[in-house]
Peer 1: 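So that we are looking at the same thing, I have put the structure below in structure tokens.
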Amino acid sequence: GAGVSQSPRYKVAKRGQDVALRCDPISGHVSLFWYQQALGQGPEFLTYFQNEAQLDKSGLPSDRFFAERPEGSVSTLKIQRTQQEDSAVYLCASSSTSALSSYNEQFFGPGTRLTVL
Amino acid sequence: QKEVEQNSGPLSVPEGAIASLNCTYSDRGSQSFFWYRQYSGKSPELIMFIYSNGDKEDGRFTAQLNKASQYVSLLIRDSQPSDSATYLCAVRNTGNQFYFGTGTSLTVIP
């Protein structure tokens, strides 16, 4: 694969529905990040994986948000009982290096635009 | 206080001029600093990173870092209309967390 891919690109959910957003990182990339970007704002960090280990989930806004990367490649961000304030673009990024290295270039996917009605 | 602050703009410069984008950060121990460009409706793409005090040049782009002042900037020389985008400053802090600013919107006028 040439880059990070995400699916679906667009998702409309009714309030209270559960959604699952998928991220396929660049092959071999050890680090994977999820961000939430509201309109007119910069990306806000949600969580970080190094291989299959979720090393930081401090940015997840509530216990309705859950992320996993069971085999160290594909990751899924799940949002339970969606609320209108969850409407945003969810960006996934991957990097060939650990977040602990001085240089950590993150390659972003196209994002999933979630709209909660 | 936000971790990373940027002027939201919009910043307008004529074609061929120098565009100067600024960013301040709150965690004095922050280690790495990044500038991303984001076109409308697209995902961010990395332009430059810097982690040592001073200047770093890459083509038309120069990143400047002053850790004492907790300030990082991006200069774009010979600005082109294709440089029109939102520029995001990102910082990796002492906790190895990444924070982005809200971005500065740049318009280069032909």
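Chain letters run A, B, ... following the sequence lines, proteins first, then strands; residues in each count from 1.
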Peer 1: Report, as yes or no, whether the 6.0 Å neighbourhood of atom OH on B:Tyr71 holds more than 12 heavy atoms from other residues, nucleotides or ligands.
Peer 2: yes
Peer 1: Taking the side chain as every heavy atom from C-beta outward, state whether B:Ser43 and A:Val89 have any pair of such atoms under 4.5 Å apart.
Peer 2: no
Peer 1: Say whether A:Phe33 and A:Phe66 are linked into one hydrophobic cluster, either directly or through other cluster members, by side-chain heavy-atom distances under 4.5 angstrom.
Peer 2: no
Peer 1: Measuring heavy-atom distances to chain B, does A:Glu44 have an atom under 4.5 Å in its side chain, in its backbone, in both, or in neither?
Peer 2: neither
Peer 1: Mind checking the CZ-CG spacing from A:Phe108 to B:Leu46? Nearest 0.5 Å is all I need.
Peer 2: 9.0 Å
Peer 1: Around A:Lys57, counting heavy atoms of other residues, nucleotides and ligands shown, do more than 12 lie under 6.0 Å from its NZ?
Peer 2: no
Peer 1: Taking side chain as everything from C-beta outward and backbone as N, CA, C, O, which of these in A:Pro110 sits under 4.5 Å from a heavy atom of chain B? Side chain, backbone, both or neither.
Peer 2: backbone
Peer 1: A quick test of your reading: do over 12 heavy atoms of other residues, nucleotides or ligands sit less than 6.0 Å from CG of B:Asn7?
Peer 2: no
Peer 1: Does a sphere of radius 6.0 Å around CZ in B:Arg60 hold more than 12 heavy atoms from other residues, nucleotides or ligands, not counting ones at 6.0 Å or beyond?
Peer 2: yes
Peer 1: Can you measure from CD (A:Gln106) to CZ (B:Phe49) and round to the nearest 0.5 angstrom?
Peer 2: 13.0 Å
Peer 1: Among the clusters formed by ILVMFWY side chains lying less than 4.5 Å apart, do A:Leu77 and A:Val4 turn up in the same one?
Peer 2: no
Peer 1: Measuring from A:Gln37:CD to B:Leu88:CG, what's the distance to the nearest 0.5 Å?
Peer 2: 6.5 Å
Peer 1: Please state whether the side chain, the backbone, both or neither of B:Glu45 comes within less than 4.5 Å of a heavy atom of chain A.
Peer 2: neither
Peer 1: When rounded to the nearest 0.5 angstrom, what distance separates CD in B:Gln97 from CG in A:Leu55?
Peer 2: 11.5 Å
Peer 1: What option among A:Gly109, A:Gly42, A:Ser58 has the most heavy-atom pairs under 4.5 Å with chain B?
Peer 2: A:Gly42
Peer 1: Hydrophobic clustering (ILVMFWY, side-chain heavy atoms < 4.5 Å, transitive) - are B:Ile76 and B:Val108 grouped together?
Peer 2: yes
Peer 1: Going only through I, L, V, M, F, W and Y residues with side-chain contacts under 4.5 Å, is there a path from A:Phe49 to A:Ile79?
Peer 2: yes
Peer 1: In this structure, is the centre-to-centre distance between the rings of A:Tyr35 and B:Phe100 below 6.0 Å?
Peer 2: yes
Peer 1: Where does B:Tyr99 contact chain A at under 4.5 Å (heavy atoms): side chain, backbone, both or neither?
Peer 2: neither
Peer 1: For chain B, which of A:Pro43, A:Gly40, A:Ala93 has the most heavy-atom pairs under 4.5 Å?
Peer 2: A:Pro43
